[in-house]
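Every number for a ligand or one of its atoms is a count from 1 in the order of the listing. Since the model is a prediction, treat every value here as computed from it, not as a measurement.
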Amino acid sequence: MADDMSPDMTLDDYEFPTSRLRRRIQSEDRTPLVLIACGSFSPLTFLHLRMFEMAADYARFNSSFEVVGAYLSCVGDAYKKTGLVKAEHRINMCSLAVQQSSWISVDPWEALHSEYLETAKVLDHFEEEINGKLGGVETPVGKKKCRICLLAGADLIQTMSTPGVWAQADIDYILRNFGAFIVERTGTDIDEALSTLQPWKDNIWVIQQLVQNDISSTKIRLFLRRDMSIRYLVPEPVVAYIEENGLYDDDGAGSTGSDGKGKGKSTNAPGESGGVASSSAA
Ligand SMILES: Nc1ncnc2c1ncn2[C@@H]1O[C@H](COP(=O)(O)OP(=O)(O)OP(=O)(O)O)[C@@H](O)[C@H]1O
Ligand SMILES: NC(=O)c1ccc[n+]([C@@H]2O[C@H](COP(=O)(O)O)[C@@H](O)[C@H]2O)c1
């Protein structure tokens with residue numbers, strides 16, 4: 001079951017999603033790890049999901065961590081970025097996308113805030129929920145605190161070297177107390193991105209993309225504006241959701257401050273190429 005967000009949900013109704021968080025590990029030696037991917041997810045793509053799988057493999061083969069859970073945390077509506085549709089839609093798309101996953105959850109807490117929340121505060125929230133309130137996870141030698149880590153693409157980490165984007169205190173706080181799993185990204189020089197982050201290098205793990213995937217939400221939005229197919233680039237239920245809700249139309253339907261409805265113009269299946277004749281059109 002996905003951890004859906006109803007349109008009327010407020011912080012008062014909020015409960016931390018735990019159904020996919022593993023509460024026990026078998027190994028005494030490994031440190032339980034929870035991965036947190038923060039971002040816009042407008043819309044979520046297959047690469048966003050692949051990041052978790054890549055990180056889990058990396059952790060298993062190259063570290064003493066054992067992944068016990070993972071969360072997508074969407075930025076709220078106050079994050080005024082181009083192409084951002086309402087948080088409610090982004091959370092619903094993420095929830096649909098993880099329906100088939102046994103270990104990736106969607107946490108609406110960040111997006112339920114009307115004000116922008118810095119990533120350090122979001123990670124603090126996970127620390128509090130998982131280690132504070134739940135007390136970590138069971139192991140053969142008693143309860144252990146989980147390591148909470150940011151999971152991000154190299155472009156996000158590069159913004160940490162861009163003046164004015166992150167407060168230096170936040171960078172220090174995040175990389176000292178939590179750490180980051182970084183997925184390489186085409187177009188970002190990873191060495192350059194990490195050059196100013198050397199003081200925290202022991203808390204940064206770089207994951208190579210063995211199958212390079214240069215997909216981005218920007219490209220998906222561009223394809224949609226051009227009425228091109230996005231099928232097999234984003235999960236099928238997300239394709240259908242975008243179509244049904246008329247998201248990413250030229251007129252910005254579904255974006256923050258608009259309430260777009262389905263455009264319903266295509267005779268093809270949702271998200272499918274308009275260049276394919278429909279069987280009923282003969
Ligand atoms: N192709 C990719 N390779 C590596 N990391 C990626 C890729 N696509 C997204 N990410 C990472 O996923 C996280 C969430 O990203 P975000 O929602 O901004 O997606 P995006 O595709 O970069 O969006 P946009 O195109 O709107 O900027 C970020 O840490 C980002 O670096
Ligand atoms: N100061 C901060 O905490 C800070 C700065 C820039 C980006 N971020 C986060 O990084 C992510 C970036 O997402 P986008 O790549 O979609 O812009 C978001 O989750 C955003 O909140 C945080």
Side-chain angles (χ1 to χ4, degrees), residues 35-55 58 70-85 87 89-91 93-94 97-98 104 106-111 113 115-126 149-175 177-178 180-190 193-194 197 204-225 230 233-234 238 242 247-248 255-256:
L35 297 161
I36 315 294
C38 293
S40 306
F41 307 111
S42 185
L44 176 131
T45 70
F46 273 124
L47 198 283
H48 293 133
L49 299 178
R50 272 298 296 166
M51 291 204 307
F52 288 105
E53 300 290 335
M54 286 186 259
Y58 181 95
Y71 290 86
L72 285 157
S73 184
C74 297
V75 286
D77 290 334
Y79 193 65
K80 296 290 177 207
K81 184 178 166 182
T82 311
L84 205 69
V85 294
H89 288 309
R90 291 179 287 113
I91 286 170
M93 288 188 279
C94 287
V98 299
I104 307 172
V106 180
D107 183 15
W109 182 84
E110 177 182 1
H113 288 77
E115 74 279 17
Y116 173 68
L117 286 188
E118 289 82 7
T119 301
K121 290 185 187 143
V122 177
L123 294 174
D124 272 346
H125 156 72
F126 285 99
C149 274
L150 181 66
L151 172 63
D155 59 309
L156 192 148
I157 284 301
Q158 192 169 43
T159 65
M160 290 187 171
S161 316
T162 310
V165 182
W166 298 74
Q168 193 56 42
D170 278 6
I171 296 174
D172 180 61
Y173 186 81
I174 292 170
L175 296 178
N177 297 318
F178 299 103
F181 279 71
I182 309 300
V183 177
E184 285 185 340
R185 190 166 190 177
T186 313
T188 303
D189 181 333
I190 190 77
L194 295 177
L197 305 178
I204 299 175
W205 296 272
V206 177
I207 305 165
Q208 251 187 300
Q209 280 205 52
L210 297 177
V211 178
Q212 294 285 331
N213 188 337
D214 188 24
I215 194 168
S216 68
S217 301
T218 303
K219 285 182 187 165
I220 299 296
R221 296 193 300 270
L222 184 70
F223 279 21
L224 287 164
R225 280 202 304 278
I230 58 164
L233 295 173
V234 307
V238 176
I242 291 172
L247 305 183
Y248 309 111
S255 64
T256 46

Atom 16 (P) of ligand 1: the protein heavy-atom neighbour that sits closest, reported with distance to 0.1 Å: His48 NE2, 3.7 Å
Residue list, side chain to side chain contact (heavy atoms under 4.5 Å, CB included) with Leu222, at least two apart or on another chain: Arg225, Arg226
Heavy-atom nearest neighbour of atom 31 (O) of ligand 1 within options Leu47, Thr45, Asp155, Ile220: Asp155
From CG (Leu247) to CZ (Arg90), nearest 0.5 Å: 11.0 Å
Backbone or side-chain N or O of Cys38 under 3.5 Å from ligand 1 N or O: no
From Asp124 atom CG to Ile174 atom CD1, the distance as rounded to the nearest 0.5 Å: 9.0 Å
Ligand 1 atoms in contact with Ser216 (distance to a heavy atom under 4.0 Å): 21 (O), 25 (O)
Closest approach of Tyr71 to Phe52 (non-hydrogen atoms, all atoms of both residues): O-CZ, 3.6 Å
Set of residues that line ligand 2, where lining means a heavy atom lies under 4.0 Å from it: Cys38, Gly39, Ser40, Val75, Tyr79, Lys81, Tyr116, Glu118, Thr119, Leu156, Val165, Trp166
Heavy-atom pair with the smallest gap, counting every atom of Leu224 and Ile242: CD1-CG2, 3.8 Å
Sequence neighbours excluded - salt bridge (Lys or Arg N to Asp or Glu O under 4.0 Å) pairs with any residue from residues 154-170: Asp155-Arg185
Protein heavy-atom partner closest to atom 3 (N) of ligand 1 - residue, atom, separation in Å: Gln209 NE2, 3.1 Å
Within reach of ligand 1, part of Thr186 (heavy-atom separation under 4.0 Å): neither
Minimum-distance pair of heavy atoms, taken over all atoms of Thr119 and Cys38: CG2-SG, 4.0 Å
For atom 13 (C) of ligand 1, closest protein heavy-atom neighbour: Met51 CE, 3.9 Å
Protein heavy atom at shortest distance from atom 26 (O) of ligand 1: Arg221 NH1, 3.0 Å
Tyr116 and Tyr79 aromatic ring geometry - parallel, tilted or perpendicular at 30°/60° bounds: parallel
Atoms of ligand 1, numbered as shown, that sit under 4.0 Å from any heavy atom of Glu184: 4 (C)
Atom 29 (O) of ligand 1: the protein heavy-atom neighbour that sits closest, reported with distance to 0.1 Å: Gly153 N, 2.9 Å
N/O separation below 3.5 Å, Ser42 to ligand 1: no
Backbone or side-chain N or O of Phe41 under 3.5 Å from ligand 1 N or O: yes
Shortest non-hydrogen contact from Ser42 toward Ser217: O-CB, 3.4 Å
Any Thr45 side-chain heavy atom under 4.5 Å of Leu233 side chain: no
Nearest protein heavy atom with distance in Å, relative to atom 21 (O) of ligand 1: Ser217 N, 2.7 Å
Atom 10 (N) of ligand 1 - nearest protein heavy atom and its distance: Arg185 NH1, 3.4 Å
Side-chain atoms of residues 160-169: list all donor-acceptor pairs with protein atoms under 3.5 Å, sequence neighbours left out, distances to 0.1 Å.
| from | atom 1 | to | atom 2 | distance (Å) |
| --- | --- | --- | --- | --- |
| Ser161 | OG | Thr196 | OG1 | 3.0 |
| Thr162 | OG1 | Gln158 | O | 3.4 |
| Trp166 | NE1 | Thr159 | OG1 | 2.8 |

Parallel, tilted or perpendicular: ring planes of Trp205 versus Phe181, cut at 30 and 60 degrees: parallel
Contact check, Lys81 vs ligand 1, heavy-atom distance below 4.0 Å: yes
Ligand 1 atoms in contact with Ser40 (distance to a heavy atom under 4.0 Å): 17 (O)
Heavy-atom nearest neighbour in the protein, as seen from atom 24 (P) of ligand 1, with distance rounded to 0.1 Å: Thr218 OG1, 3.3 Å
Sub-4.0 Å atoms of ligand 1 with respect to non-hydrogen atoms of Ala152: 29 (O)
Heavy-atom side-chain contact between Ile157 and Ile204 under 4.5 Å: no
Taking every non-hydrogen atom, the tightest pair across Trp109 and Val122: CZ3-CA, 4.2 Å
Shortest non-hydrogen contact between Tyr248 and Gly83, atoms and distance: CE2-O, 3.5 Å
